[in-house]
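Structure first, then comments.
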Amino acid sequence: MSEHHPFPEAYFTTRFQTATPPAQWPDAFAIVTAHNPGGEQRTPAENAAADRELRAELADGGCWFTRLTGFDPDSNHGEEGWAARLTVDE
């Protein structure tokens, strides 16, 4: 991590893709994932269950969201997540 920001450097080289781009993106959105929280390695089944729970929370909250996958362009490691119209507090 850098002295200037609380995020690992890899966060700033991450690329994102979506299989089905939405017709319109909001002006601002957050990118969230339930996979491997805090760097804790979880099984694919645990990640899938956490992802389903996160999706349900986003749907229950009534906000705009769409599937997004973040990946490292050097290793092609990726994690599914969501682009969601959320505030920092949410």
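Along the sequence shown, residues are numbered consecutively beginning with 1.
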Separation of [Y] [atom2] from [X] [atom1] (nearest 0.5 Å):
{"X": "Arg15", "Y": "Thr69", "atom1": "CZ", "atom2": "OG1", "value": "15.0 Å"}
{"X": "Leu68", "Y": "Glu79", "atom1": "CG", "atom2": "CD", "value": "12.0 Å"}
{"X": "Ile31", "Y": "Leu86", "atom1": "CD1", "atom2": "CG", "value": "11.0 Å"}

Side-chain donor-acceptor contacts of residues 44-51 below 3.5 Å, not counting sequence neighbours, with atom names and distances?
unit_1: Glu46; atom_1: OE1; unit_2: Thr43; atom_2: N; d: 2.8
unit_1: Glu46; atom_1: OE1; unit_2: Thr43; atom_2: OG1; d: 3.3
unit_1: Asn47; atom_1: OD1; unit_2: Asn36; atom_2: N; d: 3.0
unit_1: Asn47; atom_1: ND2; unit_2: Asn36; atom_2: OD1; d: 3.3
unit_1: Asp51; atom_1: OD1; unit_2: Arg67; atom_2: NH1; d: 3.2
unit_1: Asp51; atom_1: OD1; unit_2: Trp82; atom_2: NE1; d: 3.0
unit_1: Asp51; atom_1: OD2; unit_2: Arg67; atom_2: NH2; d: 2.6

Tell me the closest heavy-atom pair linking Leu54 and Ala34, and the distance in Å.
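Result for this residue pair: CD2-N, 3.8 Å.
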
Check Ala28 against Arg85 and note the closest heavy-atom contact, atom names and distance.
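Heavy-atom minimum between the residues: O-CG, 3.8 Å.
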
Is there a path from Phe65 to Val32 through hydrophobic residues (I, L, V, M, F, W, Y) whose side chains come within less than 4.5 Å of each other?
yes

Not counting sequence neighbours, which residues clear side chain to side chain contact (heavy atoms under 4.5 Å, CB included) with Thr13? List them please.
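With sequence neighbours excluded, Thr13 shows a side chain to side chain contact (heavy atoms under 4.5 Å, CB included) to no residue whatsoever.
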
Residue pairs, two or more places apart or on separate chains, that pass ring pair (Phe, Tyr, Trp, His ring centres under 6.0 Å) and touch residues 35-59:
none

Arg55: what forms a salt bridge (charged side-chain N to carboxylate O under 4.0 Å, His left out) with it, not counting sequence neighbours?
none

With sequence neighbours excluded, what pairs up with Ser75 under the side chain to side chain donor-acceptor pair (under 3.5 Å) test?
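Checked Ser75 against side chain to side chain donor-acceptor pair (under 3.5 Å); matches are Asp72.
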
Contacts of Trp64 meeting ring-ring contact (aromatic ring centres under 6.0 Å, His included) (sequence neighbours excluded), chain-then-number -> Trp25

